[in-house]
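Input: a single structure, listed below in structure tokens.
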Amino acid sequence: MTETAFKSEFLKTMQARGYIHQVTHPEELDAACCKGPVTGYIGYDATAPSLHVGNLITIMMLRRLQQTGHKPIVIVGGGTTKVGDPSGKDETRQLRTAEEIEANIASQKQAFAKFLTFGDGETDAILVNNDEWLSKLGYIDFLREYGVHFTINRMLTFDSVKLRLEREQPLTFIEFNYMLMQATDFLELERRYGCVLQMGGSDQWGNIVNGVDLIRRVDQKPAFGLTTPLLSTSSGAKMGKTAQGAVWLNADMLSPYDYWQFWRNTEDGDVGRFLKLFTDLPLDEIARLEALQGAEINDAKKVLANEATRMLHGEAEAAKAAAAAQAAFELGGLSADLPTHEVARADLEAGVMLADLAVAAGLAASKGEARRLAQGGGLRVNDKAEADANRAVTAADLVDGVVKLAAGKKKIVLVKPV
RNA sequence: GGGGGAAUGUCCCGAGUGGCAAAGGGGGCGGACUGUAAAUCCGCUGCUGUAAUGGCUUCGUAGGUUCGAGUCCUACUUCCCCCA
């Protein structure tokens, strides 16, 4: 990144909070942002039913855009998902059916509304499905209108294509066309909404630059691109994966408690960076939290968890998650807000094999895993390590009406008779 | 169209002479140490089951040879390379 001193509120914020990896025409964009509301967009893939933490950084970029007086457009890739982005993939993506894509888009919409204000106002966010124009394109029309602006020579130089070829992995023709579709999107948004900025992860740089060039060439209008660094933890792991899988944003796919835990377990070295990227806290407050040393940095992690959870799931859920965590980890007690698993009272009275219970409660994937877990000393019943997964858990194990079952120190489930 | 090669534990990479539930690594999980951190060390990492020997299902797909097949044979699928 160049050491440009930005004048616009938007770019100053973006730079200070660490969102910027690369920008096209920085001075020109800066000037445009000073002049008035700028419309910018980010596209999202509709391959999964929920967005995950990996998408969060770009959603936050749109939020910053709106916060600094500009207009964000969320474009859901109904059309592009039908094609499949080859960027960063060695393997051809599975093609989704139209129905799957529709369902995924509907489900993703909920998350965007938590971070952006939608509406008809000048700086209100709007959500657009690119299927609207992409699926209407006839092949010949597409080739004549857009195909003429792209040379194969140039396309072969883009990483998404080059890497695949270098590794001798197949790249299908449909994937090869993806970048044209994305460029077309940008052009279409520019024409329909006067959108001049496309943002995205650094892996999107090639695709974004294509769109910028297309607009500048075809319409002789200004257009800009901005990418964020790929997010990884300071120990190098990819962000957004945890034990159970992806960190989803939809509450029905990942509970607010688990979401809170995800942030609470941030590595020391990432706390400051994440506070800047994922919370609205002022920078001086973040600087103070970041400076905490040793065990005190845990306070900063709690702030991070609270803020991040509040933004997505609301004040009440964040408070509940925080309270449950405090009860479980700091006071050693129980909280009704911990994840629970219900069993029939009659079954419990008859006795349920511990291994079966652990599997049913989601603490182990199979009985064998539960057994191994127990042998390794990681399975706890009411805080007592239980080496024998064959023992029966009965009503006698109830403490205050529940059995506290834990796999390791962090995964806790309360078993409730019903 | 002709010739050569590849596909392995359904997370990934990857070794594998006919006796293999299959080396090693990454990742993941658990334990110890800590601060619900990182690093480090130890254990586990197909399903099922026992106090234990076990049973079942796995090496692209389908057949075959064999007491026994990831390993040999045949066909098929997909991919890569070379020639046309």
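FYI, side chains are in, hydrogens and waters are out, and symmetry mates aren't considered; it's all heavy atoms of this structure. Protein chains get the first letters and strands the later ones, always in sequence-line order, with residue 1 at the start of each.
Using the Watson-Crick or G-U wobble rule with both distances under 3.5 Å, B:C56 pairs with B:G46. Searching all strands for a Watson-Crick or G-U wobble partner of B:C11 with both distances below 3.5 Å returns B:G26. B:U78 is paired with B:A6 under the criterion used here, namely a Watson-Crick or G-U wobble arrangement in which both key atom distances are under 3.5 Å. Shown here, B:C41 forms a base pair with B:G31; the pair counts as Watson-Crick or G-U wobble because both key distances fall under 3.5 Å.
Summarising the geometry, the separation between CD on A:Glu296 and P on B:U36 is reported as 14 Å, rounded to the nearest angstrom. Separating the CG atom of A:Asn298 from the P atom of B:U34 is a distance of 15 Å, rounded to the nearest angstrom. One interatomic measurement links the two molecules: CD of A:Gln326 to C1' of B:G35, which rounds to 15 Å at whole-angstrom precision. In this structure, the CD atom of A:Gln293 is 13 Å from the C1' atom of B:A37, given to the nearest Å. Atom-to-atom, CG of A:Asp268 to P of B:A38 comes out at 8 Å; the value is rounded to the nearest Å. The CD atom of A:Glu267 sits 16 Å away from the P atom of B:U36 (whole-angstrom rounding). Straight-line distance from the CG atom of A:Leu338 to the P atom of B:U36: 16 Å, rounded to whole Å. For the pair A:Leu289 CG and B:G35 C1', the computed distance is 16 Å after rounding to whole Å.
The existence of a salt bridge linking A:Asp280 and A:Arg64 is confirmed by a sub-4.0 Å separation between a basic side-chain nitrogen and an acidic carboxylate oxygen. With respect to A:Arg372 and A:Glu369, no salt bridge is recorded, no charged nitrogen being found less than 4.0 Å from a carboxylate O. Contact check on A:Arg310 versus A:Glu315 returns a salt bridge, with a Lys/Arg side-chain nitrogen under 4.0 Å from an Asp/Glu carboxylate oxygen.
Considering only side-chain atoms of A:Trp260, the nucleotide from B:U36, B:A37, B:G30 that sits closest is B:U36.
Rounded to whole Å, the separation between the C1' atoms of B:G4 and B:G70 comes to 22 Å. Annotation: B:U45 and B:U10 have their C1' atoms spaced 15 Å apart (nearest Å). Rounded to the nearest Å, the gap between the P atom of B:G25 and that of B:C41 is 12 Å. B:G46 and B:A39: their C1' atoms are spaced 32 Å apart (whole Å). Spacing between B:C80 and B:C73 at atom P, rounded to whole Å, works out to 24 Å. Between the P atoms of B:G1 and B:G16, the separation comes to 34 Å (whole Å). B:C59 and B:C44 have their C1' atoms separated by 23 Å, with the value rounded to a whole Å. If you take atom P in B:U77 and the same atom in B:C11, they sit 28 Å apart, rounded to whole Å.
Cation-pi geometry between A:Arg216 and A:Phe224 is met: the NZ or CZ atom falls under 6.0 Å from the ring centre, inside 45° of the normal.
The glycosidic torsion of B:C11 lies more than 90° away from 0, placing the base in the anti range.
Considering only heavy atoms from C-beta on, A:Met60 comes within 4.5 Å of A:Tyr19 through its side chain.
Among the heavy atoms of the strands, none lies under 4.0 Å from A:Leu379. Residue-level contact check: A:Ala364 touches neither bases nor backbone, having no heavy atom under 4.0 Å from any strand. Counting non-hydrogen atoms under 4.0 angstrom, A:Glu369 reaches nothing in the nucleic acid. Within 4.0 Å (heavy atoms only), A:Lys301 reaches at least one base atom of the nucleic acid. Among the atoms of the strands shown, only primed sugar atoms or phosphate atoms (P, OP1, OP2) are found under 4.0 Å from some heavy atom of A:Arg372.
Within the 3.5 Å criterion, the main-chain N or O of A:Ala103 finds no donor-acceptor partner in the side chain of A:Ser107. At distances below 3.5 Å, not a single donor-acceptor pair connects side-chain atoms of A:Lys276 with backbone N or O atoms of A:Ile286.
Applying the 4.0 Å criterion to OP1 and OP2 of B:A37, one finds that A:Lys410 has a side-chain N or O inside that range. Close to B:U48, at under 4.0 Å from its OP1 or OP2, lies a side-chain N or O of A:Ser366. Residue A:Lys367 places at least one side-chain N or O closer than 4.0 Å to OP1 or OP2 of B:G49. Listed pair A:Lys409 / B:A32 meets the phosphate criterion, a side-chain N or O lying under 4.0 Å from OP1 or OP2. Using a 4.0 Å cut-off, no side-chain N or O of A:Arg371 falls inside it from OP1 or OP2 of B:C47.
Heavy-atom distances to RNA chain B give each of A:Gly294 and A:Ala365 a nearest nucleotide, and the one nearer the 5′ end belongs to A:Gly294. Along RNA chain B, the nucleotide closest to A:Asn390 and the one closest to A:Arg264 are compared, and the more 5′ of them pairs with A:Arg264.
Open room surrounds NZ on A:Lys7; 12 or fewer heavy atoms of other groups in view lie less than 6.0 Å from it.
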